[in-house]
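Source: prediction; values computed, not measured.
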Amino acid sequence: MTYLEQASRLGDVLVVAVNGDAGVARLKGPGRPVNPCEDRMSVLAALTFVDYVTEFDEDTPERLLRMIRPELYVKGGDYTAEMLPEAPLVRALGGEVRVLGYLPDRSTTAIIGRLRLLP
């Protein structure tokens, strides 16, 4: 089960916030994103357990979090709540922060790394 499936089971509505292309480029560097935001959002919107998909272009989704005011903010991957600059805001708004399991070697960064090893 993917972390998005896990997240969907934790609440009534799953809103997925996607980093916009400019934000991904700032965070990940040249050549990123591999897939444009519109494509990434389309794939997510097609998942039956995802209720809404939205985009944010800032370095963190703080503006969006202030609007949505989630009861539960879920992050997947190799993070801890302490690593998330938006975690204090979520808590200040009365929400809970959870980090779900990490699927090793499934990230775009890991896939790009494997491709670079090919002859």
Side-chain angles (χ1 to χ4, degrees):
M1 176 183 331
T2 68
Y3 80 88
L4 286 175
E5 288 174 290
Q6 292 173 34
S8 73
R9 293 178 180 190
L10 295 173
D12 296 327
V13 176
L14 178 60
V15 177
V16 179
V18 178
N19 293 73
D21 292 343
V24 171
R26 281 192 307 276
L27 290 170
K28 301 290 184 170
R32 298 292 294 276
V34 173
N35 295 304
C37 187
E38 182 178 318
D39 291 354
R40 292 181 280 130
M41 290 178 68
S42 293
V43 169
L44 290 165
L47 300 173
T48 57
F49 48 83
V50 173
D51 297 295
Y52 300 97
V53 180
T54 189
E55 173 185 2
F56 68 96
D57 282 316
E58 302 82 13
D59 290 340
T60 68
E62 289 186 15
R63 183 181 58 80
L64 182 62
L65 291 169
R66 288 182 193 283
M67 289 187 330
I68 295 175
R69 303 179 70 86
E71 292 177 15
L72 180 62
Y73 179 71
V74 177
K75 196 79 167 159
D78 54 347
Y79 297 96
T80 64
E82 293 76 27
M83 295 169 64
L84 302 172
E86 61 272 24
L89 172 62
V90 171
R91 291 186 186 111
L93 295 170
E96 176 187 349
V97 176
R98 283 201 208 169
V99 178
L100 299 180
Y102 178 66
L103 296 174
D105 299 324
R106 300 281 176 91
S107 71
T108 303
T109 301
I111 293 168
I112 290 170
R114 287 195 303 274
L115 290 172
R116 288 186 176 145
L117 295 175
L118 294 175

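Residues Met41 and Leu44 form no side-chain contact, since every pair of their non-hydrogen atoms from C-beta on lies 4.5 Å or further apart. Using a 4.5 Å cut-off on side-chain heavy atoms (C-beta onward), Thr54 and Val16 make no contact. Proximity of Val74 to Leu10: side-chain heavy atoms (C-beta onward) are separated by under 4.5 Å at one or more points.
Hydrophobic cluster membership differs between Val53 and Val43, with clusters built from Ile, Leu, Val, Met, Phe, Trp and Tyr side chains linked at under 4.5 angstrom. The hydrophobic cluster containing Leu89 also contains Val99, counting ILVMFWY residues as joined when their side-chain heavy atoms lie under 4.5 angstrom apart, directly or transitively. In the hydrophobic clustering of this structure, Phe49 groups with Val18; members are Ile, Leu, Val, Met, Phe, Trp, Tyr whose side-chain heavy atoms approach within less than 4.5 Å, directly or through other members. A continuous path of ILVMFWY side-chain contacts below 4.5 Å connects Leu100 to Leu14, so both sit in one hydrophobic cluster.
Distance alone, capped at 3.5 Å, is enough to place a donor-acceptor pair between the Asp21 side chain and the Cys37 backbone.
When hydrophobic side chains of Ile, Leu, Val, Met, Phe, Trp and Tyr are connected at separations under 4.5 Å, Val13 ends up clustered with Val15, Tyr52, Leu64, Met67, Ile68. Val24 belongs to no hydrophobic cluster, as no Ile, Leu, Val, Met, Phe, Trp or Tyr side chain comes under 4.5 Å of its own.
Listed here is the closest heavy atom pair of Glu62 and Pro85: OE2-O, 3.6 Å. Scanning all heavy atoms of the two residues, the minimum distance from Tyr73 to Pro61 falls at OH-CG, 3.6 Å. The two residues Asp57 and Glu55 come nearest to each other via the heavy atoms OD1-OE2, 3.3 Å. Across every non-hydrogen atom of Ala25 and Pro33, the tightest pair is N-CD, 4.5 Å. Heavy atoms only, all atoms of each residue included: Ala87 and Ala81 are closest at CB-O, 3.5 Å. The two residues Arg40 and Asn35 come nearest to each other via the heavy atoms NE-O, 2.9 Å.
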field: Derivation and outcome, side chain to side chain contact (heavy atoms under 4.5 Å, CB included), residues Lys75 and Leu84
entry: CA-CA 9 Å; Lys75 196 79 167 159; Leu84 302 172; 3.8 Å; yes

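A search for side-chain hydrogen bond (donor to acceptor under 3.5 Å, both in side chains) contacts involving Arg63 returns Glu58, not counting sequence neighbours. Judged as a side-chain hydrogen bond (donor to acceptor under 3.5 Å, both in side chains), and not counting sequence neighbours, Asp51 has no contacts. Remark: Arg98 pairs with Glu96 by the side-chain hydrogen bond (donor to acceptor under 3.5 Å, both in side chains) rule, at least two apart or across chains. Residues that satisfy the side-chain hydrogen bond (donor to acceptor under 3.5 Å, both in side chains) test with Asn19, not counting sequence neighbours, are absent from this structure.
The number of heavy-atom neighbours closer than 6.0 Å to CZ of Arg69, taken from other residues, nucleotides and ligands shown, is 12 or below. Remark: Arg26 CZ is packed, more than 12 non-hydrogen atoms of other residues, nucleotides or ligands lying under 6.0 Å away.
Taking CD from Glu5 and OG1 from Thr2, the interatomic distance works out to 4.0 Å, rounded to the nearest 0.5 Å.
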